[in-house]
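Each remark here refers to the structure printed beneath this line.
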Amino acid sequence: MTKPNLFSGMQPSAGSLHLGNYLGALVNWTKMQDDYNAFYCVVDLHAITVAQDPAELRKNTRVTAAQYLAAGIDHNKSALFVQSHVPAHAQLAWVLMTITGFGEAGRMTQFKDKSQKAGSDSTSVGLFTYPILQAADILLYQPKAVPVGEDQRQHIELTRDLAARFNSRFGETFEIPEVVILKETAKIYDLQNPEAKMSKSGDPKGLVNIMDDSDSIMKKIKSAVTDTDGVIKFDREAKPGVSNLLGIHSAISGESIDALVSHFDGKGYGDLKTEVGEVVLSVIEPIRTRANELLADPAELDRLLIKGANKAQELAEVTLATVYERVGFIAPAR
Ligand code: TYM
């Protein structure tokens, strides 16, 4: 029986993935690759919607791919590739832009947040059309599932709307994909500001990067903001800092929150933080070591990425050709 397809991606917009990317998405990607024909993409076209230094972008693209592999993405099972290697992403995005309403795109909350922070003169049109490129990424591969963190839900909803709209205007073309969000790890919070999601644009002291050295990771976890009542229990509203630490521990150790609360009964926040730090390092250290090994041989890494791009290209070209035909483009003479 053929496996259903799956697509997901991450931006290479920093020198490392962070704990939110890892727990919110990457862990699930590695689990799902056995049951799905998975396509995992490093979305460099998306990264340039905000200013990037070219040398940094090249480096970060390889670092991101190395972390996918180091975390357990198997290049023999899944296609691991770079978005700009498959031109159909940009080509399909153009077609989808023509069926997206201006107001519809303007309602995307990530765009509203980012453009508000940057101001309209520093906000690119590319940032505005970003979610439509994301829809193209997904729809090219006819996936049944798109595993992501909670912050991507609205973009996947838009993707589903655009797929359904195209299908009803031009005939059945796209699979309507389901968003897959794991409740427990849907949102990992900033250690300094535990009401906001952990993000590369947040407080650097609240951000745990996979590629950071272990001492600085431990230090950040030990300085995590908690509260003053000194009781270790899970209450997202009243105790966001402690709840985030318990959530991180539980996601990695597999212990239930209840079991952890009894385990920490009578202990202090210092004990909680030390243990969370140890648990986090137990998964991050091997990933960092393996990623650095992979980065030491960039030619081999690039070879794996080309292999993935070839596999992705095959399917992407078929979908794009169907789309071009459906909208009424004449096929180029061969
Ligand atoms: P990006 O690069 O911001 O994040 C990559 C993945 O990590 C998840 N994530 C989190 N999960 C839990 N807690 C957090 N604090 C946290 N921060 C990030 C994100 O939800 C995501 O799954 N637009 C996408 C990239 C993209 C994409 C796609 C994703 C482009 N095309 C097609 C899926 C399908 C983004 O910026 O993710």
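Order of appearance sets the numbers: ligands from 1, and atoms from 1 within every ligand. Quick caveat, the model's predicted, so the values are computed rather than measured.
- Residue Ile156 has no N or O atom closer than 3.5 Å to an N or O atom of ligand 1.
- A salt bridge between Arg62 and Asp302 is present, with a side-chain N of the basic residue lying under 4.0 Å from a carboxylate O of the acidic one.
- Taking 4.0 Å as the cut-off, Ser8 counts as a neighbour of ligand 1 on heavy-atom distance.
- For the pair Asp203 and Leu191, the minimum side-chain heavy-atom distance is 4.5 Å or more.
- When heavy-atom distances to ligand 1 are checked against a 4.0 Å cut-off, Phe7 comes that close only through its side chain, counted from C-beta outward.
- Contact check on Glu104 versus Arg165 returns a salt bridge, with a Lys/Arg side-chain nitrogen under 4.0 Å from an Asp/Glu carboxylate oxygen.
- Look at Asp151 and Lys197 and you find a salt bridge, because one of the NZ, NE, NH1 or NH2 atoms lies within 4.0 Å of a carboxylate O, short of that distance.
- Contact check on Arg160 versus Glu178 returns a salt bridge, with a Lys/Arg side-chain nitrogen under 4.0 Å from an Asp/Glu carboxylate oxygen.
- There is no side-chain donor-acceptor pair under 3.5 Å between His85 and Gln313.
- Inter-residue side-chain proximity for Met97 and Phe128 is flagged as unmet; no heavy-atom pair is nearer than 4.5 Å.
- The part of Val43 lying near ligand 1 is the side chain, judged by heavy-atom distances below 4.0 Å.
- Polar contact check, Gly20 against ligand 1: a nitrogen or oxygen pair lies under 3.5 Å apart.
- Looking only at side-chain heavy atoms (C-beta outward), Gln67 and Ser16 come within less than 4.5 Å of each other.
- Atoms of ligand 1 found under 4.0 Å from any heavy atom of Ala186 (numbered from 1 in listed order, with element): 11 (N), 12 (C), 13 (N).
- Residue-ligand proximity: Cys41 is placed with every non-hydrogen atom at 4.0 Å or more from ligand 1.
- Residue contact check: Gly24 has heavy atoms under 4.0 Å from atoms 11 (N), 12 (C) of ligand 1.
- A donor-acceptor contact under 3.5 angstrom links the side chains of Lys307 and Asn76, judged on distance only.
- Close contacts of ligand 1 with Val148, meaning ligand atoms under 4.0 Å from a residue heavy atom, involve 22 (O), 33 (C).
- Compare Leu6, Leu19, Asp137 by their heavy atoms: the one nearest to atom 31 (N) of ligand 1 is in Asp137.
- Of the candidates Asn21, Ile181, Asp151, it is Asp151 that places a heavy atom closest to atom 19 (C) of ligand 1.
- Using a 4.0 Å cut-off between heavy atoms, Lys187 contacts ligand 1 through its backbone alone, with no side-chain atom that close.
- Looking only at atom types and distance, the side chain of Asn209 has no donor-acceptor partner in the side chain of His18 under 3.5 Å away.
- Polar contact with ligand 1: present for Met198 (N/O pair, distance under 3.5 Å).
- Polar contact with ligand 1: absent for Ile138 (N/O pair, distance under 3.5 Å).
- Under a 4.0 Å N-O distance rule, the pair Lys205/Asp190 does not qualify as a salt bridge.
- Inclusion of Gln134 in the set of residues having an N or O under 3.5 Å from an N or O of ligand 1 is warranted.
- Side-chain contact of Ser13 with Gln52: a donor-acceptor pair under 3.5 Å is absent, judged by distance alone.
- Residue Tyr130 places at least one N or O, backbone or side chain, under 3.5 Å from an N or O of ligand 1.
- Using a 4.0 angstrom heavy-atom cutoff, Leu26 does not count as in contact with ligand 1.
- Residue Gln152 places at least one N or O, backbone or side chain, under 3.5 Å from an N or O of ligand 1.
- Within the structure, ligand 1 has His18 among the residues with a heavy atom less than 4.0 angstrom away.
- By the 3.5 Å distance cut-off applied to N or O atoms, Gln11 is counted among the residues near ligand 1.
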Residue pair Phe81, His75: steps toward the ring pair (Phe, Tyr, Trp, His ring centres under 6.0 Å) verdict:
CA-CA 10 Å; Phe81 70 105; His75 61 86; over 10 Å; no
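- Within the listing of ligand 1, atoms 11 (N), 19 (C), 20 (O), 22 (O) sit less than 4.0 angstrom from a heavy atom of Gly149.
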